[in-house]
2 protein chains.
Amino acid sequence: MNNYSKQREAILDVMKENLVHPTAEEIYQLVLEKEPQISKSTVYRNINILVELGEIKKLNMTIGPDRYDYLYKEHSHAICEKCGNIFDFYYNFNKDEISKELLKQIGNNMDINSITIYGICEDCKSNNKK
Amino acid sequence: MNNYSKQREAILDVMKENLVHPTAEEIYQLVLEKEPQISKSTVYRNINILVELGEIKKLNMTIGPDRYDYLYKEHSHAICEKCGNIFDFYYNFNKDEISKELLKQIGNNMDINSITIYGICEDCKSNNKK
DNA sequence: CTTAAAATTAGGAACCATTCCTAATTTCGG
DNA sequence: CCGAAATTAGGAATGGTTCCTAATTTTAAG
């Protein structure tokens, strides 16, 4: 099972130890502490491989660079479109019913990977300097 | 009310006429037909202004450049993380209950703007050349 | 109208995040 | 071991987007 390169292992370790939705750059900085010679392209390449393998999840941001999440436990995300803050939360979406609706409406039997809430957080509502 | 520049009007018109989730580049190409001298920076700047004003919505993609949607009617999106296809659909998410859960779990009274499903579409499941 | 201030523009440079390229190194299977 | 396959470091290249500037357009007031 452990047939990853040590660089890829180090990246996955960083993700497990930092459940804070880091950007690729932040992952790179953290991995540097374990593997000081690692290159940024290796980090990007392995992040993509880990996403492809389903080990980590890419979070699609409205602002700023993409972020990544280690899936220690199933959860959803609520993302503030103004400040980019990501909140983990649990909600029992009725995926079966949503799947059925999708099939009915779009004629496509999708596999649902995740459900994300986009909105405006409390701070951004009150700090509304516009 | 019509105190938009003609360039901004043209962009909004293009969005109303093309409910196909275009990228910024595609919007630029379409607007060129109406305003042949428009520059790409004007398109980007006005897209951002229209998003800020809530006239159009930015869709956060797992792959490829961001896409935009004119909100002719409230709907949700199901996005394929592999091919980037976007499907419009209607589902009566219980936003009040979700809001309450968010407040309880993350202690933040967010305004929910949209709920997006990320998954793998039927085609990408069967065309799985991996 | 005239005019000054404010907003917007075109065009291109700059920027940032990410991917691609290459030659060298490491890992894997037999 | 040994050859093939995978991975790496490092840097160049790319793509998408934002920023800068001087010129133009729009707006509001007189």
Side-chain angles (χ1 to χ4, degrees), chain A residues 1-15 21-53 55-69 79 81-84 86 130, chain B residues 1-15 21-53 55-69 79 81-84 86 130:
Chain A
M1 159 52 71
N2 201 338
N3 56 355
Y4 282 2
S5 69
K6 75 180 188 327
Q7 288 89 338
R8 190 174 306 159
E9 280 295 337
I11 291 168
L12 192 51
D13 286 347
V14 158
M15 292 306 295
H21 320 108
T23 63
E25 174 66 30
E26 287 165 349
I27 294 167
Y28 170 62
Q29 293 301 333
L30 288 163
V31 176
L32 270 184
E33 295 169 15
K34 292 169 192 281
E35 296 290 332
Q37 84 305 333
I38 203 170
S39 75
K40 207 176 271 192
S41 67
T42 297
V43 172
Y44 272 98
R45 187 168 28 76
N46 279 301
I47 285 174
N48 286 342
I49 290 168
L50 292 170
V51 168
E52 187 70 28
L53 292 172
E55 299 265 20
I56 63 178
K57 175 151 182 60
K58 183 191 252 201
L59 303 181
N60 309 307
M61 305 296 294
T62 304
I63 65 158
D66 287 331
R67 294 181 169 272
Y68 298 89
D69 194 19
I79 301 181
E81 299 193 289
K82 207 141 208 162
C83 68
I86 303 171
K130 291 261 148 59
Chain B
M1 162 51 69
N2 201 337
N3 55 356
Y4 282 2
S5 69
K6 75 181 189 326
Q7 288 91 337
R8 189 174 307 158
E9 280 295 337
I11 291 168
L12 192 50
D13 286 348
V14 159
M15 291 306 296
H21 320 108
T23 63
E25 175 67 31
E26 288 164 350
I27 295 168
Y28 170 62
Q29 293 300 333
L30 289 163
V31 176
L32 269 183
E33 294 168 16
K34 291 168 192 279
E35 298 288 332
Q37 83 305 333
I38 202 170
S39 75
K40 206 175 270 193
S41 67
T42 297
V43 172
Y44 273 99
R45 188 167 28 76
N46 280 302
I47 285 174
N48 286 341
I49 290 168
L50 292 170
V51 169
E52 186 70 26
L53 292 172
E55 299 265 20
I56 63 178
K57 175 152 181 63
K58 184 191 252 200
L59 303 181
N60 309 308
M61 306 294 293
T62 304
I63 65 157
D66 286 331
R67 295 181 168 272
Y68 298 89
D69 193 20
I79 302 181
E81 299 194 289
K82 208 142 206 160
C83 68
I86 302 171
K130 292 265 148 60

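Residue numbers begin at 1 in each chain, while the letters A, B, ... track the order of the sequences. All values reported here derive from a predicted model rather than from experimental measurement.
Proximity of a side-chain donor or acceptor of B:Arg67 to a complementary backbone N or O of B:His21 within less than 3.5 Å is detected. Side-chain N or O atoms of B:Lys34 include none that pairs as donor or acceptor with a backbone N or O of B:Ala10 at under 3.5 Å. The backbone N or O of B:Leu32 lies less than 3.5 Å from no partner atom in the side chain of B:Glu35, so there is not a single donor-acceptor pair.
For B:Ser5, counting side-chain heavy atoms from C-beta on, the closest listed nucleotide (C:dA10, C:dT9, D:dT8) is C:dT9. In the set C:dA10, C:dT18, D:dT17, C:dT18 carries the atom at the smallest distance from any side-chain atom of A:Pro65.
Here the P atom of nucleotide D:dT24 and the CD atom of B:Gln37 are 14 Å apart, to the nearest Å. Distance B:Asp66 CG to C:dA17 C1': 13 Å, rounded to the nearest Å. Distance A:Tyr28 OH to D:dG11 C1': 12 Å, rounded to the nearest Å. When the P atom of C:dC28 is taken as reference, atom CZ of A:Arg8 falls 10 Å away, rounded to whole Å. For A:Ile63 and C:dC16, the CD1 to P distance is 15 Å, given to the nearest whole Å. Taking atom CD1 of residue B:Ile38 and atom P of nucleotide C:dG11, one finds them 10 Å apart after rounding to whole Å.
In terms of phosphate contacts, B:Ser39 brings a side-chain nitrogen or oxygen within less than 4.0 Å of OP1 or OP2 of C:dA10. A close approach under 4.0 Å does occur between a side-chain nitrogen or oxygen of A:Gln7 and OP1 or OP2 of D:dA9.
Mapping B:Lys6 and B:Gly64 onto DNA chain D via the closest heavy atom, the residue that lands nearer the 5' end is B:Gly64.
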Distances under 3.5 Å between protein N/O atoms and the N/O atoms of nucleotides 19-23 of chain C, please, pair by pair.
| residue | atom | partner | partner atom | Å |
| --- | --- | --- | --- | --- |
| C:dT19 | OP2 | A:Asn48 | ND2 | 3.0 |

Item to check | Pair A:Leu50-A:Ile11, side chain to side chain contact (heavy atoms under 4.5 Å, CB included): steps then yes or no | outcome: CA-CA 9 Å; A:Leu50 292 170; A:Ile11 291 168; 3.8 Å; yes
*Please walk me through it: do A:Lys58 and A:Asp66 pass salt bridge (charged side-chain N to carboxylate O under 4.0 Å, His left out)?*
CA-CA 7 Å; A:Lys58 183 191 252 201; A:Asp66 287 331; 3.5 Å; yes
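Side-chain atoms of A:Ile49 and A:Asn46, non-hydrogen and from C-beta on, do get closer than 4.5 Å to each other. The closest side-chain heavy-atom distance from A:Tyr68 to A:Val51 is below 4.5 Å.
B:Glu25 comes within 4.0 angstrom of no nucleic acid atom, judged by non-hydrogen atoms across all strands.
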